[in-house]
Amino acid sequence: MSSHTASQRYLSTRGGSYDLSFEEVVLKGLASDGGLFIPEEIPSLPSDWASKWQHLSFEELAYEIFSLYISPAEIPSADLKDIIQRSYSTFRTKEVTPTVTLDKEKNIHLLELFHGPTFAFKDVALQFLGNLFEYFLVRRNQGKTGRDREHLTVIGATSGDTGSAAIYGLRGKKDVSVFIMHPYGKVSPIQEAQMTTVMDANVHNLAVDGTFDDCQDFVKALFADPEINKTHRLAAVNSINWARILAQITYYFHSYFTLIRSPSFLPASTIRFVVPTGNFGDILAGYFAKRMGLPSKKLVIATNENDILHRFWQTGKYEKKPVHGKEAEGGIPEDGVKAHEDGVKETLSPAMDILVSSNFERLLWFLAYRVYSTNSDPITQRRSTAGEHVKTWLNALKTQRGFSVDATILAAASEDFESERVSDTETLQTIKKIFAAPSATGESYILDPHSAVGITAALRSAQRAPPPTTHHISLATAHPAKFSRAVDMALQGEKRYSWELVLPEEFKGLEDKPRRVSKVKKSDGWEGVRRVVVAEVEAELQAAERAGK
Ligand SMILES: *Cc1c(COP(=O)(O)O)cnc(C)c1O
C-alpha cells in the first residue's frame, strides 16, 4: 500500500454520522450527535516503514503519518508538506521533540514535548491545527473579497495551558479570530503574560471577573446561542478535535527511532510509553501509533489523584467520584483545566485535573468494535454496533454518573494499557529525587510536576518490566518554569537549585511587556461576552476591508 493514495473517511463514535471528510471533522470539532470523530479505519504502516522512515526528520515523519489519514484529494502533498513545515518551524529545537536519557541503568528516557512557543506539549498539536484552519478557510475564500469571505471565530475558556497554546497557534491567521476567556487574576502570572502580550489583531483575551467555571459557562452558552451561530461560524480548539490527536502520533514514532538508533538499545528490547494523562488525548495518539504497527509493548497511563482512568483499569467501572451536594455538569471541556465540578481535586499537576476524560470515548469505540463483533460481520454492522455501545455507555455516564463494562472489554483494554495513580506527595518526591541524581549527561534534570507524575509511574512500571530488555519512554509534557510553585516546593533548600536555573530566556521580561486584554463583567452575563465578540470581529473585518484584503 502506498502512503500517498489513502482515502480516509471519518465517523462519529455515537453512530450518528459516517463518511465524513477530514476537512469536515476538523472544522466541526464535535459531531452533531455529541460523539467524537474517528477515522473509519486505523491505517496500517507501509511494509517498508521500518527502513524507509528510520532516518526521517520530525517533519518528514509527520508527512508520512498524516498522509495515511488525509487523502491527497483533500490536501495535496505539496500543501501538506508546507503546512507541516510552517507548524514546526516555530519550535526551538531542530528535532522538535527530542528524546533524552534520564536513567541509563533503568533505561528510562524522556520524550521532551515542551520546545514549542508556549513551552507545553499542546503546542505540537495547536501549531498544526492553527495552520489547518487557515488553509481550509483561505481555500474556501479563493476569489472572494470582503464580507463574502468565510470567517472562523474560535472561542475557548482557559485556566492556563490550552489558552496560551491556542493563542500561539492561531495568532495572525487569516480569516480566523480567536477569543480566549480566563478568570481575571486566577491564572498563573506567566500564563497570563503569555496570553495577553500577544498583539496580533485577531487575538482577543477576555478577562472575566469570575471563576474558570463562569468562563466555561459563557463558552457553553455562546455555542448554544442560535443568534451568534447565524452570524458567526464558531469553532473550538479543545482536545476533542481530531487534528490534535493526529498531530500527536508523530512524536511516538520519532522517539522510537531515536531510541533504537542509540547504542544502548539491544535488538530484542521492548518499549513502554508512559503518559501523564488528563483528557486522554496524548495517550490516545500513542494507541493509534501502536495499532498502526509501532512496536510498543504497553502504554502506561499515569494519572494524578483525579484517577477515573486508573479506577477503570482496576475495576472495569468508569465513574465520576461520588459527590455531596449539587450535581454539576461540565461545559465544553477544555483539556487540562481545573474543572471546578464537584469531585475534582486541585493538584500540583493542574493540566491533568479532570473529572472525566473526553477522549476515552474514542478508545471505547475501538474496544466495542473488537469485542462485540467479528471479522465475518458486515463492516457497516460492526460499526453501528460499536456506536450503539458507546452511546449507551456515555448516556449512563451522564444520567447515572458512570457505567461498568464487561470483563471482555476490560481485558481488551488491558492488552494495550496499564495504569498508575500518583499522589502530589510522590510527585514532589520524584522531582527532588531526579534532581539529586545526575542524569546521563551529568546535569541535574528538573522535571515539571506533570512530567514527574509520568516518571513516578515509569519507575513503578520498570519494577514489573525491568531493564535491560525493557526501555521506558516517559512523556515530558511541560517545561518546569511553567509550574514554578510545585518545582519550588520540591526543590527548596537544595543547594544547587535556583529559580534562575529553570527560567528560560523567553520568559524574562515577559511580564513587563505591553498587554492587550478586555475586561468582561460577569454580571453582564454571556450576552455581554457576545456583544464583545460581535463588536471585535466587526472591527477586525472593517480593518481588513480598509486594508483592501
Ligand atoms: C494537557 C496536558 C496534559 C494532559 O494531556 P491529555 O491529552 O489531556 O491527557 C498533561 N500535561 C500537561 C502539561 C498538559 O498541558
Side-chain angles (χ1 to χ4, degrees), residues 36 97 110-126 129 156 158-169 187-188 190-191 194-195 237-249 251-252 273-289 299-304 306-310 312 330 333-339 344 347-363 417 419-420 422 427 431 447-457 474-487:
L36 306 186
T97 59
L110 272 175
L111 166 49
E112 293 183 341
L113 301 176
F114 51 73
H115 297 285
T118 75
F119 292 78
F121 103 96
K122 293 186 172 64
D123 286 328
V124 179
L126 282 163
L129 184 62
T158 192
S159 61
D161 253 4
T162 299
S164 30
I167 285 171
Y168 276 77
V187 175
S188 85
I190 269 291
Q191 289 183 325
Q194 274 187 320
M195 292 192 287
V237 285
N238 45 42
S239 80
I240 53 158
N241 196 302
W242 164 252
R244 287 187 58 178
I245 309 293
L246 173 61
Q248 291 164 183
I249 298 174
Y251 48 71
Y252 286 89
F273 285 97
V274 185
V275 188
T277 298
N279 241 338
F280 207 73
D282 199 358
I283 198 163
L284 185 76
Y287 174 75
F288 274 89
L299 300 161
V300 182
I301 299 157
T303 76
N304 65 22
N306 295 293
D307 60 351
I308 182 166
L309 290 167
H310 179 62
F312 173 81
E334 189 209 26
D335 11 298
V337 296
K338 266 182 236 143
V344 175
T347 72
L348 293 172
S349 41
M352 290 149 62
D353 290 349
I354 45 88
L355 188 67
V356 297
S357 299
S358 339
N359 281 296
F360 184 57
E361 176 167 347
R362 289 185 158 118
L363 176 67
F417 296 92
S419 77
E420 293 287 348
V422 176
T427 304
I431 296 175
L447 290 168
D448 104 285
H450 306 81
S451 312
V453 167
I455 288 296
T456 310
S474 194
L475 277 55
T477 51
H479 189 284
K482 289 200 85 168
F483 296 94
S484 55
R485 198 170 72 90
V487 174

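First listed ligand is number 1; within each ligand, the first listed atom is number 1.
- Less than 4.0 angstrom separates some heavy atom of A478 from each of these atoms of ligand 1: 13 (C).
- The option with the heavy atom closest to atom 13 (C) of ligand 1, from among I301, T118, T477, is T477.
- Ligand 1 places these atoms under 4.0 Å from at least one heavy atom of F121: 1 (C), 2 (C), 3 (C), 5 (O), 7 (O), 14 (C).
- Close approach of ligand 1 to T277 (heavy-atom distance below 4.0 Å) involves ligand atoms 9 (O).
- Annotation: salt bridge (charged side-chain N to carboxylate O under 4.0 Å, His left out) contacts of E112 (sequence neighbours excluded): none.
- Taking 4.5 Å as the limit, every side-chain heavy atom of T277 sits out of range of all side-chain heavy atoms of D282.
- Set against the non-hydrogen atoms of F280, the atoms of ligand 1 under 4.0 Å away are 6 (P), 8 (O), 9 (O).
- Between the D161 side chain and the A351 main chain, no donor and acceptor come within less than 3.5 Å of each other.
- A parallel orientation is assigned to the rings of F417 and Y287, their planes being inclined by less than 30° (bins at 30° and 60°).
- If you check each of A351, A120, G278 against atom 9 (O) of ligand 1, the one with the closest non-hydrogen atom is G278.
- Of all non-hydrogen atoms in K482 and T118, the two that sit nearest each other are NZ-O, 3.0 Å.
- By the criterion of a heavy-atom distance under 4.0 Å, the side chain of M352, and not its backbone, is placed next to ligand 1.
- Taking the side chain as every heavy atom from C-beta outward, F280 and R362 never approach each other to under 4.5 Å.
- In the model, D353 has a side-chain atom that pairs as donor or acceptor with a side-chain atom of N306 under 3.5 Å.
- Residue contacts with ligand 1: D161 is placed with a nitrogen or oxygen under 3.5 Å of a nitrogen or oxygen of the ligand (distance criterion only).
- Ligand-side atoms of ligand 1 in range of G281: 6 (P), 7 (O), 9 (O), range being under 4.0 angstrom from any heavy atom.
- For ligand 1 and K122, the ligand atoms under 4.0 Å from any heavy atom of the residue are 1 (C), 2 (C), 3 (C), 14 (C), 15 (O).
- Using modelled atom types, one finds no donor on one side chain facing an acceptor on the other under 3.5 Å when comparing R244 with N241.
- Not a single N or O atom of D448, backbone or side chain, sits closer than 3.5 Å to an N or O atom of ligand 1.
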